[in-house]
Amino acid sequence: MQPNNLTALDFNDIKSSIKSYLRTRNEFSDYDFEGSALSYLIDTLAYNTYYTAFNANMAMNEAFLPSATVRDNIVNIAKLLNYVPRSIVASKACLKLNVQTTQTNGSYPSSVTLKKGAVATGGNFVWNIMADTTVEVNTTTGAAEFDNLAVSEGSIMNYEYLVNTFQSQTYKIPTQDADVGTLNVTVKPNESSTTSDVYNLVDTVTNLTANTRVFFLSEGEDMRYEVRFGDDSVGRKVKDGEVINLEYLVTSGSEANEVTDFSYTGDLIDSLGISYNVADVKLHVKERSQLGTTPESVESIKYMAPRYYSSQYRAVTAQDYAVITKKIYSNADSVIAYGGDSLNPPIYGKVYIAVKTKTGSSLNDATKKTIAADLRSYAMASIDPVVIDPDELFVYPKVFALYDTGVTSNTSAIKSNIQSAVGNWATQTQINNFNSTFRNQQFQKAITLSDRAITDVSVQTSLLKYIKPQTNQTNTYCISTGSSLYNSAPSNTGAASSTSSVCKKEPVILSGNFRTADRPGIDQQFEDDGFGNLRTFYNTGNKKVYTNENAGSINYDTGEICVGPINIVGAGNNIPTSTNLNLTDAVTGVGSVIDPSLLPADLQLPTLFIPSNSSTIPASTPGTIINVVNPEVTVAPTGTTPPPTVPLNSLTPTVFNQSPTLVEVSTITNTGSLTSSCF
Amino acid sequence: MALKRLTSADLASNKSRSFKDIGMAFGRNPFTNDVSIVKNENSIKQALRNLVMTSPGEIPFNKNVGCQVMQLLFEPLDGFTADTIKDEIINTINQYEKRVQLRSVVVVPYGENSKLAVTIVYQVVGIPIVEEVKFVLQRPE
């Protein structure tokens, strides 16, 4: 008989299989009795087979990332994908230290330095800074302030290796509790040398020459990270007799989070060489300790390693740009990238990356340039990454709800129910983000269902965009609503009839207040005439006085609005001070600015307009964010006539001189707090 | 797992009804040059001795098989220990050797080095002959 089944992996199955074979033979018969020598032999054979089968199974399982269970094996497979598991990360806290320096020979020192190392204790942990920090001293009061001092929990360790090229050396960080984010690698030419070279961590071998001082990091056995150097082809090789110094923080990770009480223990010395003790320092805790984490789990490594590998450390598709931007700029809440060829008119050779930050503020030029420069190393040749601010379009809904007086008379309860329903609607639709669409019907339905007393809901919708003028520069500013604008008088063709002259249409665009360089003394606004022209005017109190009938143009079909050429010197409440103006006519505001350098900067001019279709407002470009302004809610008993849904003659742009409060979209996952100036 | 199915041919009448086991000494049969075998009453004797000499846990994945006598040999050698050893032997044989019916077990201490003379008297089930197996239990040196 031949064994016909080789799938048995269990000891008892294997034993049964051997017994069933012996049953077909007549040499022996005692295999069924536990005490027989044959039974002992069968046990040994089955055990041996079981052992081999287990080994083979285990070895094969451990050879593949999805089935491996031993951390060292998982890390080794991830190493092939160039993935470095995240180490333990030290908890960080934000402190402010106020130091009162003392006078020497009648004068205060020019600066005071906080030495690297332990700065504070708190929660049975030690808190360090990783480099000396120097601040200036106020020469009159002698006070110095270390603001936004980020301290990390742990103890700073140094470990040295003497390079010996005659033996195979690995340079390990000799602990599993090292935060490799704090790792600082320096190499000295020999043991007695006092100068050293700093080596930098790299992920890939691109851009490395034979002399680049870099090191590679990988996780080795038992979670001890290994530092590797180049081979004189990619990266400089360490030479015999050189001394490698590894400096790192050994930390308790997440255990040190949530510490709120700290006491100062640091080492302060001023520019005159005088040390200060604890009594001279006042410590103020700005942020409790946070962001400490445990080492990356095996499940996380198994999940992340193939995904990191799939982007291949290079950006080819637009999605790659978005993923890499998120990796290199941690304050990015949401990123969208699209090729310039999808724009109208197309711009070839550029990829646009719109970044919505976690803090909500726009990126400054320096940050944009840094992100673009960082992205360029991932980008394909000839593709130019351009980081832009999202194009923000605000939807301003005014809600009129009619309620059944027979059900309730508590209008404030209805209002608060409506507000919470709007909040839930916003969270579910994830509005205020890229690729979102404002759907009026869903919005109205959410409000209708918010309270059983509500019988009818009417929503008046207008759109808001900000023009960001450059102070005291003559420019033409264009904004695009992305959709067509409302036609307030379709039958008015603009032709003069025999009985009357040309009538303008009701305006569908109205801007907020602004000041121009030629009329700095009076607030002006602009509106449209219904025939493709913008008109600027000021209000004397009882009449509008038009100052320019051709202040800009509008395309009602595409929603392109261009205002200018115009020289704006103030907008909203951000206006020139009256002492800086030389007015020739106080009524018309005509005059000039005395000192242009004193003019306000960072102007924003709200522009309200009425869309032709207010039931669906989509994002017109991939980089557009539809923001919904917290609605103004009016509640009235049933029977009241609701106001018109088109807000003709009731546009109120001046309420948006300040950026509006948006409906709150609760985050579905905890993205962490990055509002602090420290982290 | 699927095992090979037994057919009536496998269990044909020409199969021996006797007991046949490998000799524990794994000796060589000088005539056949094959491993020596023990049969019938000798195989049962060998099985009884094996059971008593096996400590629980020695057999993989079946930790209950065996007899605690080896551990008990390290207890003070008195009447109580001898009695416990006797009970152990009786229990083990009754549980794991279904071919015999025990008649008596005699455990007699002798000598100085905790030696025990064990005599097991039994009847092979279905055969009206009483057999006896004797061996000495001693601490491993």
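Everything quoted here is computed from the prediction, not taken from an experiment.
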- Any side-chain heavy atom of A/E34 within less than 4.5 Å of one from B/N62? yes
- Query: If we only count heavy atoms from C-beta on, is the B/F61 to A/Y50 side-chain gap below 4.5 Å?
  - Reply: yes
Should we say atom [atom1] of [X] is surrounded by more than 12 heavy atoms from elsewhere, each under 6.0 Å from it?
X: A/E221; atom1: CD; answer: no
X: A/D231; atom1: CG; answer: yes
X: A/F54; atom1: CZ; answer: no
X: A/R224; atom1: CZ; answer: yes
X: A/F216; atom1: CZ; answer: yes
X: A/F64; atom1: CZ; answer: no

If we define contacts as heavy-atom pairs under 4.5 Å, which of [options] has the most with chain A?
options: B/M24, B/R99, B/K39; value: B/R99
options: B/S43, B/P60, B/G23; value: B/P60
options: B/T92, B/T54, B/V52, B/V38; value: B/T54

- Message: Before you tell me yes or no, could you show the steps for A/L41 and B/F26 under side chain to side chain contact (heavy atoms under 4.5 Å, CB included), namely the whole-Å CA-CA distance, both residues' side-chain angles and the distance that decides it to 0.1 Å?
- Response: CA-CA 11 Å; A/L41 202 62; B/F26 284 92; 4.0 Å; yes
- Output yes when a side-chain donor or acceptor of B/N50 lies under 3.5 Å from a complementary backbone atom of A/S36, and no otherwise. no
Rounded distance [0.5 Å steps], [atom1] in [X] versus [atom2] in [Y]:
X: A/D32; Y: B/K98; atom1: CG; atom2: NZ; value: 13.0 Å
X: A/S39; Y: B/D21; atom1: OG; atom2: CG; value: 9.0 Å
X: B/I37; Y: A/L38; atom1: CD1; atom2: CG; value: 11.0 Å

- Item | Pair B/Y96-A/F33, side chain to side chain contact (heavy atoms under 4.5 Å, CB included): steps then yes or no | CA-CA 7 Å; B/Y96 294 109; A/F33 304 106; over 6 Å; no
- Message: To check you understand the geometry: which heavy-atom pair defines the closest contact between A/A37 and B/I22, and what is its length?
- Response: CB-O, 3.4 Å
- Message: For A/Y40, which atoms come within 4.5 Å of any heavy atom of chain B: side chain, backbone, both, or neither?
- Response: side chain
